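What follows is one structure encoded as structure tokens, with my remarks underneath.
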Protein chains: 2
Amino acid sequence: MKQKTTSRTSNGPRKLHSTGSRSRKMPRHVTHTVLERLMHYYVCLSKYDPNIEWISSPHLASQFRVDDTQVRKDLALVGVKGRPNTGFRREQILDSIRRFLGLGRNLDAVIVGVGRLGSALVAYRDFRELGLNIVGLFDNDPRKIGTAVSGHTILPTARMKSFIRRRKPRIAILACPVFVAQILAYELVEAGICAIWNFSPTTLQLPDGVFVRNEHISIGLGEIAYHLLPS
Amino acid sequence: MKQKTTSRTSNGPRKLHSTGSRSRKMPRHVTHTVLERLMHYYVCLSKYDPNIEWISSPHLASQFRVDDTQVRKDLALVGVKGRPNTGFRREQILDSIRRFLGLGRNLDAVIVGVGRLGSALVAYRDFRELGLNIVGLFDNDPRKIGTAVSGHTILPTARMKSFIRRRKPRIAILACPVFVAQILAYELVEAGICAIWNFSPTTLQLPDGVFVRNEHISIGLGEIAYHLLPS
DNA sequence: CGGAGTTCGTGAAAAATTTCTCGATTTTCG
DNA sequence: CGAAAATCGAGAAATTTTTCACGAACTCCG
């Protein structure tokens, strides 16, 4: 009952994280919301023309419909210092967020389920740039096993556990059909996976200490439909 | 500067919606957060065994790590009445949320960009169940044009505008490469699209009145990486 | 060099969201 | 039937998040 879970929808206990030491004056609890905002800044800024050196908080704010004060507070949180009348150094924002979130450090992952969505994720360019390293692909379909997707050979799920025990990735990306998701998730945890990024439309039940992020793709449709109402 | 935009990250002006009439005692402003929670309940409950007739708020809460009071408040918002000691009628929850969000009513959509992600979205089963109707597929790649994906023939983007003007879908799902996203988005708006569900990792800039939901897939990685820290 | 115009940084205020409390209601079961 | 257990509903309290306000810092230019 205390599994650490998050999803875009779940707003339950938003405190994440509870152990470990971090560098000076970085707070213990950072919420879901803040983490997403930081990541958003990061992804956006990383695609800017590298010639753009300075970014002001009002500018960044206008990109995301956030208040500029909010941007400054977020940046202060990760430890970026700005310069009055000029803004913040782009590189420094990126470095600080990267370090704060821990992007690019030991982010090995396996993808489980290489259907359409799974293979889209394997090939997703941003993942690599963000430091996410796909180290293995698993699927049950005999027709897929042995074939390669984006340079990775698909292995049978029967070999998943041993692979994970040997290679020790900490992240698993679940993109399998709903009816096997829970079982596979449990196997992943047994094999030592620490975090599950779940793209299958189920809400997984997993033991404490395993971090789950449910990425239900269709959640967004609610907002769109609502917005289109009375029509 | 006042384009209505939302994304999982953007927490700016969270008020959506501003016109139109809705049935009795349904409030004017419903936030992003609430909409996502409602949708989450919906997706989850719609997959339950239909034999399960009653759902209690503590039960539903435990599924999503939300407080049970929160669940009751959310359900009260959409107008579901519960029964003490028993809970809420599953069907009634689904109906109310469906009606409240406007799922299944006039949700025609085109998908623009039929790469790996695009074709995953075309085939996404939940979309259909939620009432989202894919009516057209567009891509620029000459090798794809004319071929069919999940029963839909891919048309060239050059024919996109005329198609939309004729068929009048209100939603466009963008799953194209970043460098064409902004241009295509603008064309979509010109052709009469009301809402853009953007799966390409850019933050679109569009005129007022167009609803945009940016579904940056990699946003979730920030939270996962952060959680895995100190390691 | 000095004034106009930006933007930072931060503490305080406002708004919102979430959680708590508790009486009332309904079913179950002895 | 009456007590026990579970849950709803709603107002109040606590917490979190966002926005406001403003002094200080810095750049640009005439």
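In this text the structure is predicted, and so the values were computed from the model without any measurement. In what follows, chains are A, B, ... by sequence order, proteins preceding strands, each numbered from 1.
Atom CG of B:L60 and atom P of D:dA6 are 19 Å apart (whole Å). Regarding B:H32, its NE2 atom lies at a distance of 11 Å from the P atom of D:dT18, rounded to whole Å. Between B:W54 atom CH2 and C:dT27 atom C1' the separation is 11 Å, expressed in whole Å. As rounded to whole Å, 10 Å separates atom C1' of D:dA10 from atom CZ of B:R72. Counting to the nearest Å, the P atom of D:dT7 and the NE2 atom of B:H59 are 11 Å from each other. Protein atom CD of B:E53 is 13 Å distant from nucleotide atom P of C:dT27, rounded to whole Å. When rounded to the nearest whole Å, the span between CZ of B:R65 and C1' of C:dT19 equals 16 Å. Nucleotide C:dC8 holds its P atom 14 Å from the CD atom of A:Q70, rounded to whole Å.
Taking the charged nitrogens against the carboxylate oxygens, A:R99 and A:D95 have no contact shorter than 4.0 Å, which rules out a salt bridge. Salt-bridge check for B:R213 with A:E223: passed, with a basic side-chain N closer than 4.0 Å to an acidic carboxylate O.
Less than 6.0 angstrom separates the ring centroid of B:F127 from the ring centroid of B:W197.
The residue from A:L103, A:I97, A:V34 that alone fulfils the side-chain contact (heavy atoms from CB on, under 4.5 Å) condition with A:M39 is A:L103. Exactly one of B:V71, B:L75, B:L45, B:L94 qualifies for a side-chain contact (heavy atoms from CB on, under 4.5 Å) with B:I55. That residue is B:L45.
For B:K81, counting side-chain heavy atoms from C-beta on, the closest listed nucleotide (C:dT19, D:dG9, D:dT19) is D:dG9. Taking only side-chain atoms of A:T33, from C-beta outward, the nucleotide of D:dT17, C:dT17, D:dG9 with the closest atom is D:dT17. Comparing D:dC8, C:dT17, C:dC20 by their closest approach to the side chain of B:T31 singles out C:dT17. Out of D:dA5, D:dC8, C:dT7, the shortest distance to the side chain of B:N85 is found at D:dA5.
Looking at heavy-atom distances under 4.0 Å, A:S56 makes contact with sugar-phosphate atoms alone, never a base. Note on B:T69: a base of the nucleic acid sits closer than 4.0 angstrom, heavy atoms only.
Where A:K73 and A:P84 meet DNA chain D, the nucleotide closest to each residue was compared, and A:K73 sits on the side nearer the 5' end.
A sub-4.0 Å separation between OP1 or OP2 of C:dT27 and a side-chain N or O of B:R83 is present. Of the side-chain N and O atoms in B:S57, one or more sit less than 4.0 angstrom from OP1 or OP2 of D:dC8.
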